[in-house]
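Structure, as structure tokens:
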Amino acid sequence: MKNIIYKGVLTLFALAMVVSCDEGFEDLNEDPTKASQIDVKFKFPNTVLFASGQRYETWRGNLIYCSTMMQHLANTQGYWSGDKYFWNAAYSSAFWDAMYPQAVKTVEDMKFQLETEELTSSPEYAMVRILRVFIYHRLTDLYGDIPYSEAGKAFIEGNTRPRYDAQEDIYADMLKELEESVALLGTGTAEIGTSDILFLGNQDQWKKWGNSLMLRLALRLVKVDETAAQAWATKAINGGVMESNADIAYVQHEDGNGILQNANGEVFTADRSARISTTFLGLLENDPRMRVYAALPPDETGFVNDDPAAQKGLPNGLDGTTIQDYEGGDDLATYSEPNSKYLMSEAAPMFWQTYAEVELMLAEAGVRWGLAGDPAAHYEAGVTAAMEYLEMYNEGAAIDATEIADYLAANPFDAANALEQINTEYYKATFLNEYETYANWRRTGFPNLTPVNYPGNQTNGTIPRRLIYPTNEQALNKENYDAVIASQGADLLTTRVWWDQ
């Protein structure tokens with residue numbers, strides 16, 4: 001089965017060299033039975049799991065900030081800073097603090113190793129480069145200008161004070177990396193095989209994901225360089241993007257230690273205070289996904305009520321005091337949470353990019369530039385895929401064809417309002433992949449979200465446009481930090497990243 005995680009693959013081999021002190025020996029004695037370097041295939045799964053996220057940064061970056069700013073979730077707890085547009089230094093930097101020493105470090109190590117071993121024509125080299133783009137694009141989308149060209153090089157080059165690259169330059173290089181990587185891939189199964197816990201070495205699926213990721217990045221450019229956006233979207237489409245839910249880029253997590261578990265599920269195990277936002281619940285009215293996404297917390301018998309008629313959302317921007325004035329008061333058992341039957345498992349899949357997203361992007365490319373054929377057909381395919389892939393969480397989450405057909409009949413493609421309609425569906429389809437929800441909302445402005453204006457918020461009642469850099473950058477990497485502030489703008493929640501101008 002695709003994406004089974006082989007725990008044995010995650011085991012790191014010991015590296016050993018025996019140093020002789022005997023007189024007359026000038027060189028190190030090397031034990032021929034010990035590896036001088038760990039094969040990339042044993043490093044690859046760890047890097048994928050680091051990129052998928054662990055509880056620490058997922059709790060803070062994906063859920064506390066992105067999910068509540070995007071009004072998928074709401075929370076009355078004060079430490080859920082995103083719900084109130086507060087800056088919590090540790091939470092804002094959590095994604096950075098986790099990704100650089102883990103995912104960035106290991107992907108740069110693999111890339112360097114394959115270059116050193118002169119394997120730059122191998123499919124594994126292409127896979128590492130595509131994975132590298134995925135890691136960096138999330139970082140730059142959240143923070144703006146970031147260390148990129150000099151990142152992850154402390155061991156390789158001794159550089160512990162990397163400069164920040166401009167997001168414009170990062171995007172140009174990431175798109176180039178994707179184009180070159182896809183061109184390296186052939187057919188059949190790469191030697192890495194089951195160590196590739198994304199696609200089991202299937203080069204065709206890596207091509208599709210590389211092009212699909214290219215399409216995502218291309219559309220990010222529509223505000224700042226629509227000509228380039230169209231050109232890169234055309235390359236991606238012509239190269240071949242995802243064609244079905246079988247092509248989804250996701251990690252099938254499993255029960256075990258923290259690196260193996262689904263980080264969203266780990267958060268929900270530790271913290272059951274998040275509720276479905278009234279905004280999101282309102283958009284799910286008469287949508288069959290409501291019963292999959294939302295349910296009342298289990299009662300004393302363990303029964304989970306996911307009847308759409310029984311669901312109630314929680315407004316964003318309330319706290320333990322102001323919720324008292326809201327209908328229902330502070331009894332959180334009366335407000336819907338993410339459905340625990342399907343979405344809270346620590347063995348759930350973590351979706352990075354879905355076929356549904358790709359079809360909806362193709363619909364947008366059709367509306368904007370006449371690419372990819374009939375946008376109405378892509379809209380319908382996107383909505384259908386967004387409902388059908390939910391059974392990958394659990395077969396009980398399956399939405400049948402009749403429900404899908406009824407929804408499409410009630411919500412046909414609206415050419416006069418196409419971009420809002422397409423991107424509202426994208427917003428629904430990316431629930432729990434809140435990094436992507438946040439990025440696409442900043443790019444398009446859809447759906448139209450009403451900001452909260454919690455007392456003392458740090459954005460003057462506007463939805464934040466980025467997260468703030470780690471405070472230790474001001475001390476440990478001061479010269480480069482000062483340079484990026486002079487270039488990008490003040491290190492504030494309200495400063496827009498390059499593609500969000």
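What you are looking at is a predicted structure, and each value in this text was computed from that prediction instead of being measured.
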**OP:** Take D109 and K105 through the salt bridge (Lys or Arg N to Asp or Glu O under 4.0 Å) test and state the conclusion after the steps.
**Re:** CA-CA 6 Å; D109 170 66; K105 176 183 176 182; over 6 Å; no
**OP:** State the CG-CH2 distance between L184 and W206, to the nearest 0.5 angstrom.
**Re:** 13.0 Å
Original post:
For D287 and R289, what are the C-alpha separation, side-chain angles and deciding distance, and is it a salt bridge (Lys or Arg N to Asp or Glu O under 4.0 Å)?
Top reply: CA-CA 5 Å; D287 187 318; R289 284 170 286 193; 2.9 Å; yes
**OP:** Write out all pairs satisfying ring pair (Phe, Tyr, Trp, His ring centres under 6.0 Å) with one or both partners inside residues 106-126, taking only residues at least two apart or from two chains.
**Re:** none
Original post:
Is there a donor-acceptor contact under 3.5 Å from the side chain of T58 to the main chain of Q54?
Top reply: yes
Original post:
Tell me, which pairs form a salt bridge (Lys or Arg N to Asp or Glu O under 4.0 Å) where one or both residues lie in residues 224-235, sequence neighbours left out?
Top reply: E179-K235
**OP:** Would you name the heavy atoms of E425 and L360 that are closest together and state the gap between them?
**Re:** C-CD1, 3.8 Å
Subject >> Pair D169-Y148, side-chain donor/acceptor within less than 3.5 Å >> reply: no
Original post:
Taking only residues two or more places apart in sequence, or in another chain, which ones meet R368 in a salt bridge (Lys or Arg N to Asp or Glu O under 4.0 Å)?
Top reply: E364
**OP:** Under the salt bridge (Lys or Arg N to Asp or Glu O under 4.0 Å) rule, collect the residues that match up with D374, sequence neighbours excluded.
**Re:** none
Original post:
Short question: side chain of N440, backbone of E436 - any donor-acceptor pair under 3.5 Å?
Top reply: no
Original post:
Run the salt bridge (Lys or Arg N to Asp or Glu O under 4.0 Å) check on D247 and K208 step by step: do they pass?
Top reply: CA-CA 7 Å; D247 295 326; K208 292 176 184 176; 3.3 Å; yes
**OP:** Evaluate the criterion side chain to side chain contact (heavy atoms under 4.5 Å, CB included) for residue pair V497 and W499; output intermediate values, then yes/no.
**Re:** CA-CA 6 Å; V497 304; W499 54 251; 3.8 Å; yes
Original post:
Parallel, tilted or perpendicular: which fits the ring planes of H137 and F134, with parallel below 30° and perpendicular above 60°?
Top reply: tilted
**OP:** Hey, could you give me the CG/OG distance between D482 and S487, rounded to the nearest 0.5 Å?
**Re:** 12.5 Å
Subject >> Between Y435 and F95, ring centroids under 6.0 Å >> reply: yes
**OP:** List the atom of A347, the atom of Q252, and the distance in Å for their closest heavy-atom pair.
**Re:** O-NE2, 2.8 Å
Original post:
Do any N or O atoms from the side chain of T462 and from the backbone of T459 form a donor-acceptor pair under 3.5 angstrom?
Top reply: yes
Original post:
Rounded to the nearest 0.5 Å, how far does CD1 of I146 lie from CG of L139?
Top reply: 5.0 Å
Subject >> Rounded distance (nearest 0.5 Å) linking atom CG of N62 with atom CG of N433 >> reply: 6.5 Å
Subject >> Contact summary for W369 and A233, nearest pair of heavy atoms >> reply: CZ3-CB, 3.8 Å
**OP:** Indicate the atoms forming the closest heavy-atom contact of A274 with W80, along with that distance.
**Re:** CB-CH2, 3.8 Å
Original post:
Do L217 and W232 come close enough that some side-chain heavy atom pair is under 4.5 Å?
Top reply: no
Original post:
Which pairs count as salt bridge (Lys or Arg N to Asp or Glu O under 4.0 Å) when at least one residue sits in residues 343-361, sequence neighbours excluded?
Top reply: R216-E357
**OP:** Indicate the ring-plane relationship of W498 and Y171, choosing parallel, tilted or perpendicular according to the 30° and 60° boundaries.
**Re:** tilted
Original post:
Side chains of Y469 and Q488: donor-acceptor distance under 3.5 Å anywhere?
Top reply: yes
Subject >> Partners passing salt bridge (Lys or Arg N to Asp or Glu O under 4.0 Å) against D414 (at least two apart in sequence or in another chain) >> reply: none
**OP:** Step through the shown structure and confirm whether more than 12 heavy atoms of other residues, nucleotides or ligands are within 6.0 Å of CD on E191.
**Re:** no
Original post:
Any donor-acceptor pair under 3.5 Å linking the side chain of S195 with the backbone of K41?
Top reply: yes
Original post:
In chain order, what residues pass the ring pair (Phe, Tyr, Trp, His ring centres under 6.0 Å) check against Y379, with sequence neighbours excluded?
Top reply: F413
Original post:
Is a donor on one side and an acceptor on the other found under 3.5 Å between the side chain of N211 and the backbone of G240?
Top reply: yes
**OP:** Enumerate the residue pairs fulfilling side chain to side chain donor-acceptor pair (under 3.5 Å) with a member in residues 382-393, sequence neighbours excluded, ordered by first and then second residue.
**Re:** none
Subject >> Backbone N/O of E473 and side chain of N477: donor-acceptor pair under 3.5 Å >> reply: no
Subject >> Pairwise distance SG(C66) to CG(L467) - rounded to 0.5 angstrom >> reply: 6.0 Å
**OP:** Please determine if R442 and D500 form a salt bridge, counting it only when a charged side-chain N lies under 4.0 Å from a carboxylate O.
**Re:** no
Original post:
Would you say K176 has more than 12 foreign heavy atoms packed within less than 6.0 Å of its NZ?
Top reply: yes
Subject >> Non-neighbouring partners of H72 that pass ring pair (Phe, Tyr, Trp, His ring centres under 6.0 Å), sequence neighbours left out >> reply: F280, Y427, F431
Original post:
Hey, are the side chains of F50 and P101 touching, using non-hydrogen atoms and a 4.5 Å cut-off?
Top reply: no
Original post:
Do side-chain atoms of W441 reach the backbone of P447 as a donor and acceptor pair under 3.5 angstrom?
Top reply: yes
Original post:
Ion pair present between R466 and D491, side-chain N to carboxylate O less than 4.0 angstrom?
Top reply: yes
Original post:
Any chance the side chains of E434 and S67 put a donor and an acceptor closer than 3.5 Å?
Top reply: no
**OP:** Give a yes-or-no answer on whether the side chains of Q421 and N417 include a donor-acceptor pair shorter than 3.5 Å.
**Re:** no
**OP:** Kindly compute the distance separating OH (Y293) from CD1 (I276), expressed to the nearest 0.5 Å.
**Re:** 9.5 Å
**OP:** Could you list all the salt bridge (Lys or Arg N to Asp or Glu O under 4.0 Å) pairs where at least one residue sits in residues 150-160, not counting sequence neighbours?
**Re:** E150-R163
Original post:
Just wondering, more than 12 heavy atoms not from Q501 lying within 6.0 Å of its CD?
Top reply: yes
Subject >> Shortest non-hydrogen contact between Q353 and L213, atoms and distance >> reply: OE1-N, 3.4 Å
**OP:** Please work out whether the ring planes of W96 and Y143 are parallel, tilted or perpendicular, with thresholds of 30° and 60°.
**Re:** perpendicular
**OP:** Measure up the W352 and W209 rings against each other and bin them: parallel (under 30°), tilted (30 to 60°), perpendicular (over 60°).
**Re:** tilted
**OP:** Measure across L390 and A397 and return the closest heavy-atom pair with its distance rounded to 0.1 Å.
**Re:** O-CB, 3.5 Å
Original post:
Applying salt bridge (Lys or Arg N to Asp or Glu O under 4.0 Å), which residue pairs with at least one partner in residues 130-148 are found, sequence neighbours left out?
Top reply: E108-R132, R132-E177, D141-R220
**OP:** Would you check if the side chain of T68 reaches a backbone N or O of D83 as a donor-acceptor pair within less than 3.5 Å?
**Re:** yes
**OP:** Would you confirm whether N202, through its side chain, and T189, through its main-chain N or O, come within 3.5 Å as a donor-acceptor pair?
**Re:** no
**OP:** Return the set of residues passing ring pair (Phe, Tyr, Trp, His ring centres under 6.0 Å) with W59 (not counting sequence neighbours), or none when no residue passes.
**Re:** none
Original post:
S93 side chain to A89 main-chain N or O, any donor-acceptor pair under 3.5 Å?
Top reply: yes
Subject >> Intermediate values then yes/no, side chain to side chain contact (heavy atoms under 4.5 Å, CB included), N316 and L73 >> reply: CA-CA 8 Å; N316 290 92; L73 299 180; over 6 Å; no
